[in-house]
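Worksheet for the structure shown next.
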Amino acid sequence: MSVRIELFTVTGCSGCGSAVRALEDVTAALGAEHFELRIIDVVEEIDYAVSMGVLSTPTIVVNERLIFASVPTKRQLKRELETHLRQNHVEAGFRDG
Amino acid sequence: MAERRIGAVARALGIGVDTLRYYEKCGLLPAVPRTPGGVREYSDKDISRLRFIRRAQRMNFSLDEIGKLLQMRENPQRARNDVRRLAGQKLDEIEHSLAELKTLRDELTLLVNLCRNAEEGCPILEGIEDTVPDRRPRNARARD
C-alpha cells in the first residue's frame with residue numbers, strides 16, 4: 001500500500017513551487033513507487049481542503065493527516081515520509097498475518 | 001453593572017426598555033423589585049437571566065422554549081422530562097450550529113490567508129469573478 005501525499009496549493013502561492021520540488025526529490029530518493037502524490041488547488045476543492053484542516057498554502061497532508069502547514073526542509077520531509085512508510089509496512093504485515 | 005435601573009440595563013444589554021417590561025409581564029423575568037419611588041432595580045440574577053434570554057433569542061429559540069429552559073436553569077435537578085428533552089434538543093442544535101460556524105471560520109481563514117500570501121492577484125476575487133454573473137446592463141459591460 002502506497003503512502004498518500006496531498007499537497008494543497010493555489011495559483012500565486014509563494015512557497016508551493018519549493019514544496020513540489022521538495023516532495024518530488026524526497027519521494028524519488030525513497031522510491032517513488034511507494035508514494036501517491038496529488039497536487040490539489042484549494043480554490044478548486046475548497047470543501048475538501050477545509051475538511052482536512054487546511055488554513056494556508058502550501059499544506060502537506062499524508063495519509064489524511066495534516067503534517068506540514070508550511071514548506072518543510074527536505075530533512076523534515078524525509079523523516080516524516082520514512083515514518084509513514086514504516087507504518088504502512090507494519091499495517092500491511094498485520095493484514096498479511 | 002453599577003447602574004441597575006431600567007434605562008441603564010437596557011443600554012448595557014442592548015434590549016429595548018419596552019422589551020424589558022414585556023419580559024416581566026409575560027413571566028420570563030420575575031417581578032423586578034422597585035425602589036420606594038417605584039423605580040425598577042434589577043439584581044445580578046435578573047441581569048444574568050436577561051443575558052440568557054438574549055442569547056437564546058439569538059439562537060432563534062421561541063419565548064415559550066426560553067421560558068421552559070429558564071425553569072430548568074432555576075432548578076436543573078427537578079426539571080420535568082419534557083423540559084429536559086427540550087434542553088437536550090436545543091443542545092444538539094447548538095452543537096450543530098457550532099460545527100457549521102467552525103467550518104465557515106476555517107474556510108474564511110483559508111481565503112484570507114490565500115489573499116495575504118498571494119504574490120499576484122487574490123484567489124478570493126478570482127473565485128468571485130468566476131462565479132458571480134455580471135448583472136450590469138449590456139451597454140455598461142460593452143464600455144469595459
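Naming convention: chains lettered A, B, ... in sequence-line order (proteins, then strands); numbering from 1 in each chain. Just so we're clear, the structure is a prediction, and the values are computed from it rather than from any experiment.
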Rounded to the nearest 0.5 Å, the CZ atom of B:Arg105 sits from the CG atom of A:Leu55 at a distance of 8.0 Å
Within a 6.0 Å radius of atom [atom1] on [X], are there more than 12 heavy atoms belonging to other residues, nucleotides or ligands?
{"X": "A:Arg75", "atom1": "CZ", "value": "no"}
{"X": "A:Tyr48", "atom1": "OH", "value": "yes"}
{"X": "A:Glu64", "atom1": "CD", "value": "no"}
{"X": "A:Arg38", "atom1": "CZ", "value": "yes"}

Looking at A:Val50, is its backbone amide N or carbonyl O close enough to the side chain of B:Asp106 to form a donor-acceptor pair, meaning the two atoms are under 3.5 Å apart? no
| task | For the residue pair B:Leu111 and A:Ile46, establish whether any side-chain heavy-atom pair is separated by less than 4.5 Å. | result | yes
When every non-hydrogen atom of B:Leu110 is compared with those of A:Ser56, the smallest separation belongs to CD1-N, 3.6 Å
